[in-house]
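FYI, the numbering just counts along the sequence from 1.
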Amino acid sequence: MAEALDQLREQLNGINYELLRLLNERASIVREIGEIKEKQGVPKFDPVRERAMLEELTRVNPGPFKDAEIRHLFKEIFKASLNLQEEDHKQQLLVSRKKQPQSTVINLQGTLIGGDTQVMVAGPCSVESYDQLRTVAAALKQAGIKVMRGGAFKPRTSPYDFQGLGVEGLKMLKEVADEFGLVTISEIVHPDHMELAEQYIDVIQIGARNMQNFELLKAAGEAKIPVLLKRGIAATLEEFVHAAEYIVVKGNSEVMLIERGIRTYEKWTRNTLDISAVPLLKQETHLPVMVDISHSTGRKDILLPCARAALAAGADGIMVEVHPDPQTALSDAAQQLDIPQFEQLWSGILNSGLFHQ
Ligand code: PRE
Ligand code: MN
């Protein structure tokens, strides 16, 4: 009895090998057909041909498999075959790691982003005054930080809230950056302001609310300086990556992505920090990926563990908001660190062993 079973299984093994060989032989022919279809510009999927094959196969089917089973099995084969043809000719996004396996490394006046080292970006939510900015810049310089953020154009939830100093703010950024030898990042909200950005700042930030402002993305794609693209408040990673593609396809390959939290039902944080976005974006794209720990949490008390989590997940940088006197800040007062708090966070990050300069 046991012997008979072994023998039958042996027979099946032989048939499995034969089926495997035949399936792959079929797959090779399918690929050749795919090549021809690609050249002719006709769709890979051919439902008429599939139906004709199914009709013929069920017509000659001797059983014991019922026609429905045969239909089901062959439909699976056709589906796998179609996948193979489509995979062969799939158009990869420019930002995709399949298109470019090596990571994009952006050089901001000697500070590399996207390589083996990490970067800290810090600064006030908004540029409020020359003195405010200068105080932060001096503290950053003292701490050895090279990249400063500061918003000049502020897209606020309410039109009655502080809208930023505009061009005056950009000019202050330039003046203070020149004095302290810092690199600056600031948000641009209008396609016509790209040249202004090139004149006064080093990196154009596209804010979360503008992640799918396609005319703005196209304009940033024509700019001559790098772009920091924030994830939209309810954007999927697919949408985020496609937004980056809008910039890169226009010719600007220096794009950094930044996870800044997404909107969920959670109320204990301002947004929900999506840590899984970091390894996924690193895997799917070749662009540097940073994490904004201030806007994702909206709090000051969990910044170190969130920064550690981001770095452990593979982030190329951390962004945090710092203000000389957060209580009087004209925007995001609740989440900005004062300078001693920032210094404490910074030493915690340096001591984590996860940040390499
Ligand atoms: C094939 C694959 C996909 C099409 O939808 C139809 C048939 C198949 O696997 O048989 C091959 C093929 O591309 C074709 O015959 O045109
Ligand atoms: Mn802010």
Side-chain angles (χ1 to χ4, degrees), residues 95 103-106 108 111-115 117-125 145-151 154-155 183-189 197 201-213 216-217 220 223 225-248 252-263 269-298 303 306-307 309-311 313-322 332 335 349 355:
V95 299
S103 295
T104 286
V105 179
I106 297 173
L108 296 178
T111 298
L112 302 181
I113 309 183
T117 52
Q118 285 78 43
V119 68
M120 173 58 114
V121 179
C125 177
I145 282 149
K146 307 267 171 45
V147 190
M148 178 168 71
R149 60 150 290 142
K154 300 299 298 179
V183 172
T184 55
I185 300 182
S186 197
E187 177 163 357
I188 295 297
V189 297
I201 57 175
D202 303 300
V203 177
I204 293 163
Q205 178 176 307
I206 304 284
R209 286 156 191 82
N210 273 324
M211 190 204 81
Q212 285 189 313
N213 180 338
L216 189 64
L217 296 174
I225 57 176
V227 177
L228 176 67
L229 179 64
K230 293 198 127 193
R231 181 179 183 180
I233 58 169
T236 64
L237 294 177
E238 177 120 343
E239 288 163 341
F240 192 15
V241 163
H242 278 83
E245 185 77 3
Y246 263 91
I247 303 171
V248 174
N252 191 346
S253 58
E254 304 217 294
V255 177
M256 297 169 260
L257 303 174
I258 182 160
E259 159 62 30
R260 46 78 69 203
I262 48 173
R263 180 162 291 181
T269 49
R270 179 176 176 181
N271 291 290
T272 295
L273 172 54
D274 179 8
I275 279 291
S276 61
V278 177
L280 280 170
L281 292 168
K282 292 292 294 179
Q283 191 172 291
E284 296 303 314
T285 81
H286 50 79
L287 303 174
V289 178
M290 316 227 288
V291 171
D292 175 344
I293 53 175
S294 291
H295 292 90
S296 52
T297 62
L303 296 184
C306 290
L311 294 166
D316 297 297
I318 300 291
M319 182 187 264
V320 67
E321 286 188 340
V322 186
D332 289 352
Q335 74 191 29
I349 290 174
F355 193 96

Leu311 CG to Ile318 CD1 distance, which is reported to the nearest 0.5 Å: 4.0 Å

Closest non-hydrogen atom pair between Val278 and Gly314, with its separation: CG1-C, 3.8 Å

side-chain contact (heavy atoms from CB on, under 4.5 Å) involving Glu187 - partner list, sequence neighbours excluded: Pro155, Val189, Gln205, Asn210

side-chain hydrogen bond (donor to acceptor under 3.5 Å, both in side chains) evaluation trace for Asp202 with Thr184: CA-CA 5 Å; Asp202 303 300; Thr184 55; 3.3 Å; yes

Point-to-point distance, once rounded to the nearest 0.5 Å, from OG of Ser296 to CD1 of Ile262: 10.5 Å

Verdict with supporting geometry, Leu273 and Ile275, side chain to side chain contact (heavy atoms under 4.5 Å, CB included): CA-CA 6 Å; Leu273 172 54; Ile275 279 291; 4.0 Å; yes

Spatial distance of atom CD (Glu254) from atom CD1 (Ile247) [nearest 0.5 Å]: 12.0 Å

Verdict with reasoning, Ser103 to His286, per side-chain hydrogen bond (donor to acceptor under 3.5 Å, both in side chains): CA-CA 4 Å; Ser103 295; His286 50 79; over 6 Å; no

Ile258 and its side chain to side chain contact (heavy atoms under 4.5 Å, CB included) partner, picked from Asp316, Val291, Val121, Leu228: Leu228

Stepwise side chain to side chain contact (heavy atoms under 4.5 Å, CB included) test for Asn252 and Val227: CA-CA 8 Å; Asn252 191 346; Val227 177; 3.6 Å; yes

Non-hydrogen atoms of Ile204 and Ala197 that approach each other most closely: CG1-CB, 3.8 Å

Separation between CG of Leu108 and CD1 of Ile225, rounded to the nearest 0.5 Å: 10.0 Å

Worked verdict on His295 versus Glu321 for side-chain hydrogen bond (donor to acceptor under 3.5 Å, both in side chains): CA-CA 8 Å; His295 292 90; Glu321 286 188 340; 2.9 Å; yes

Partner residues of Ala243 under the side-chain contact (heavy atoms from CB on, under 4.5 Å) criterion, sequence neighbours left out: Met211, Leu217, Leu229

Atom of Pro288, atom of Ile106 and distance for their closest heavy-atom approach: CG-CD1, 4.0 Å

Nearest-0.5 Å distance, CG of residue Leu281 to CZ of residue Phe240: 6.0 Å

Under 3.5 Å: donor-acceptor pair, side chain of Glu259, backbone of Asp274: yes

Nearest atoms (heavy-atom pairs only) where Gly150 meets Ser186: O-OG, 2.6 Å

Presence of salt bridge, Asp292 and Arg231, under 4.0 angstrom: no

Lys154, NZ atom: more than 12 neighbouring heavy atoms under 6.0 Å: yes

Leu287 vs Lys282, side chain to side chain contact (heavy atoms under 4.5 Å, CB included): CA-CA, chis, key distance, verdict: CA-CA 7 Å; Leu287 303 174; Lys282 292 292 294 179; over 6 Å; no

What pairs of donor and acceptor atoms, side-chain ones from residues 232-239 against any protein atom, are under 3.5 angstrom apart with sequence neighbours left out?
from, atom 1, to, atom 2, distance (Å)
Thr236, OG1, Glu239, N, 3.1
Thr236, OG1, Glu239, OE1, 3.4
Glu239, OE1, Thr236, N, 2.9

Spacing of Tyr246 atom OH and Gln212 atom CD [to the nearest 0.5 Å]: 8.5 Å

Which atom of Ile349 lies closest to which atom of Ala307, heavy atoms considered: CD1-CB, 3.8 Å

Shortest non-hydrogen separation from Thr297 to Leu303 and the atoms involved: OG1-CD2, 3.5 Å

Electrostatic pair Arg270-Asp332, nearest N-O below 4.0 angstrom: yes

Stepwise side chain to side chain contact (heavy atoms under 4.5 Å, CB included) test for Val147 and Met120: CA-CA 7 Å; Val147 190; Met120 173 58 114; over 6 Å; no

Validation row: Val95, Glu284 side chains within 4.5 angstrom (heavy atoms): no

